[in-house]
Visitor: 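Sharing a structure with you now.
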Amino acid sequence: MEVTLQQPIFEFIGGLGLFLFAITYLGEGLQKSTGERLRKIIDTFTSNPIIGVFAGMISTILVQSSSGMIIIVLGLVSARFMTLRQSIGVIMGSNIGTTLTAFIIGINFSTYFLPILAIGSMLIVFFNSKKVHYIGQVIFGFGALFLGLELMGDGMEKIVSLNVFQDFILSMGNNPFFGVSMGTIFTAVVQKSSASIGVLQELYKQDSISLTAALPALFGANIGTTITVVLASLSASVLAKRAALTHVLLNVSGTLVFLAFLPVFTALMSFIQAYFHLNGAITIAVAHAFFNIVNTLLWLPFVGVLVYLVTKALPERNAFLTQDYGYLDRQFIEQAPTVALTQLKKEIIEMSHLSLKSFTEAHSYLGTRDRMHAQEVANVMENLEEKERKIKAYFLLLSENALSTLESEAYFRLQEEVHYLKRIGAHCENITEFVDYQLANKVLFTNDASFDLEEMFQSTFKALSGMIKALENNNIKSARSVLEMEDQIDRMERVLRKKHILRLNKRECSGAAGILFVDIINNLERIGDYAEKLSQHILEQNNS
């Protein structure tokens with residue numbers, strides 16, 4: 001018995017492994033080739049759950065993994081980029097979007113998987129373009145998916161003839177809860193509901209399992225996919241845990257409703273199969289889609305109820321649940337590097353606001369001589385350094401993943417932006433040190449010198465404010481105005497330097513005052529340079 005079963009078992013296990021690889025590989029190719037579109041789709045999330053459903057559907061099709069997409073959602077919720085209410089619509093849409101894979105499996109491409117694999121391989125091997133590589137990866141993954149299904153089917157044909165397997169299938173048909181449990185466990189182990197449903201499609205296509213036994217297992221697969229999400233949320237914030245709990249409630253409640261009406265649902269699917277002459281695999285795909293669409297329609301009017309339930313179940317008063325991860329969540333790195341880069345951009349925008357605060361405090365210190373402002377500059381600098389350390393650690397993790405050409409360009413651009421903002425903070429700190437020296441040595445500026453400094457501070461402030469507006473809104477007009485302002489700051493620095501030399505020659509001010517004045521305007525000019533570099537990035541990004 002062991003000898004005769006070895007080959008089919010190996011075929012099934014090998015086919016399953018190839019299927020899992022193909023789904024992952026195909027999803028990675030789709031994500032890399034459409035990463036920018038994924039970012040734009042996520043940027044469209046609003047408080048309207050219906051829009052969230054459509055966004056979740058499209059995003060899941062691009063990622064080719066409902067659990068992967070929902071893990072991205074956990075990170076967005078944890079980073080407070082998305083509210084819990086917004087996330088519920090996306091989770092619902094993700095459940096619907098994943099059903100596309102079952103329909104693809106249901107269409108019989110098995111005759112053509114070899115030429116599909118050949119085309120994908122040639123695009124990967126013989127072309128240098130990364131975009132072509134990603135398309136080749138999608139095509140190769142598509143072919144490998146059907147090769148895996150073919151191997152699984154060949155192995156199952158012999159395995160299902162065993163009496164022990166027939167008894168097992170009979171138990172699933174007689175006890176729906178047993179079928180749900182089997183579907184849940186299998187999906188939790190392989191961590192891909194698409195694989196569980198693919199197995200069900202093969203079994204039903206071969207008439208090895210009845211529809212009465214297959215449907216509970218299908219419901220269980222929807223529960224099993226939540227386990228991956230729950231595990232991902234364990235180390236996340238309370239907000240992410242609530243989103244994960246929402247996913248569990250949606251799929252478990254849907255299963256209970258459909259189990260209550262299982263005879264009716266089974267009869268409906270049998271009618272649809274017979275009326276439209278569907279094959280077994282497509283019938284399971286239709287049942288999968290029907291389950292998730294109806295479940296979404298049932299819960300959409302009660303999104304507020306879901307928010308209330310999970311908020312009550314996981315209150316924020318527990319300290320260990322309230323950990324704030326900021327915008328940077330490690331879940332994004334593996335699931336969606338494009339989203340990780342978008343979140344990095346948000347941290348950089350926060351750094352830009354800190355740099356502007358440092359500048360205004362340094363300016364106030366020069367005007368008021370109040371040490372409170374100097375201390376605030378030091379505090380802001382500590383915050384900038386802390387953010388820089390956190391961002392650099394995130395960059396390091398992100399660099400371990402394969403990035404597309406556009407993602408790589410964004411990666412290096414953001415690294416430079418972090419450096420520029422840190423340097424702006426350092427120049428502001430320099431200005432406070434010059435004021436410290438001025439106070440300690442009782443150095444005085446003339447009225448003309450003080451007026452000139454104020455004028456340059458105001459121009460530099462406008463450049464920094466314009467830079468932040470350009471970063472926040474991707475505003476080309478603001479970026480161009482910063483470039484013009486920086487030219488003005490450069491001219492102003494040269495003119496003020498000459499004017500101060502004339503004052504020195506006329507002995508209107510001391511040598512110490514002259515050195516301090518030149519040092520301050522030099523630092524202001526450097527701050528303007530960095531504002532220009534950051535704005536230039538916005539223009540380059542929009543021209544690429």
Visitor: Rounded at 0.5 Å granularity, tell me how far CZ in Phe103 sits from CD in Gln201.
Guide: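 The CZ atom of Phe103 sits 9.0 Å away from the CD atom of Gln201.
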Visitor: Do Phe19 and Phe146 have ring centres separated by under 6.0 Å?
Guide: no
Visitor: Which value, rounded to the nearest 0.5 Å, describes the distance between Glu472 atom CD and Ile348 atom CD1?
Guide: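 Between atom CD of Glu472 and atom CD1 of Ile348 there are 13.0 Å.
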Visitor: May I ask you to test the Ile349-His353 pair for a side-chain heavy-atom distance under 4.5 Å?
Guide: yes
Visitor: Out of curiosity, Lys345 NZ to Ser352 OG, how far, rounded to the nearest 0.5 Å?
Guide: 9.0 Å
Visitor: Before accepting this row, confirm whether a basic side-chain N of the pair Glu350/Lys346 lies closer than 4.0 Å to the acidic partner's carboxylate O.
Guide: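 Salt bridge: no.
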Visitor: For a quick check under 3.5 Å, do Asn95 and Asn251 share a side-chain donor-acceptor pair by atom type?
Guide: yes
Visitor: Hey, could you give me the OH/CZ distance between Tyr25 and Phe142, rounded to the nearest 0.5 Å?
Guide: 15.5 Å
Visitor: When you compare the side chain of Ile272 with that of Thr283, does any pair of heavy atoms fall below 4.5 Å?
Guide: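 Heavy-atom side-chain distance check fails, nothing below 4.5 Å.
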Visitor: Side-chain contact test, heavy atoms from C-beta onward, threshold under 4.5 Å: evaluate it for Thr98 versus His288 and give yes or no.
Guide: yes
Visitor: Among Phe258, Phe261, Phe290, which residue satisfies the ring pair (Phe, Tyr, Trp, His ring centres under 6.0 Å) criterion with Phe219?
Guide: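 Among Phe258, Phe261, Phe290, the one meeting ring pair (Phe, Tyr, Trp, His ring centres under 6.0 Å) with Phe219 is Phe258.
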Visitor: Are any non-hydrogen side-chain atoms of Trp299 and Ser253 less than 4.5 angstrom apart?
Guide: yes
Visitor: If you define the side chain from C-beta out and look only at heavy atoms, does anything of Leu151 sit under 4.5 Å from Phe12?
Guide: no
Visitor: Kindly indicate, with the supporting measurements, whether the criterion side-chain contact (heavy atoms from CB on, under 4.5 Å) is fulfilled by Leu26 and Gln137.
Guide: CA-CA 6 Å; Leu26 188 153; Gln137 186 173 337; over 6 Å; no
Visitor: Just to verify, which of Glu388, Glu416, Glu417 counts as forming a salt bridge (Lys or Arg N to Asp or Glu O under 4.0 Å) with Lys422?
Guide: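 Output: one option passes, namely Glu388.
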Visitor: Could you grab the distance from atom OG of Ser408 to atom CZ of Arg413, nearest 0.5 Å is fine?
Guide: 11.0 Å
Visitor: What's the separation between atom CG in Leu398 and atom CD1 in Ile391, rounded to the nearest 0.5 Å?
Guide: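 Reported to 0.5 Å precision, the distance equals 12.5 Å.
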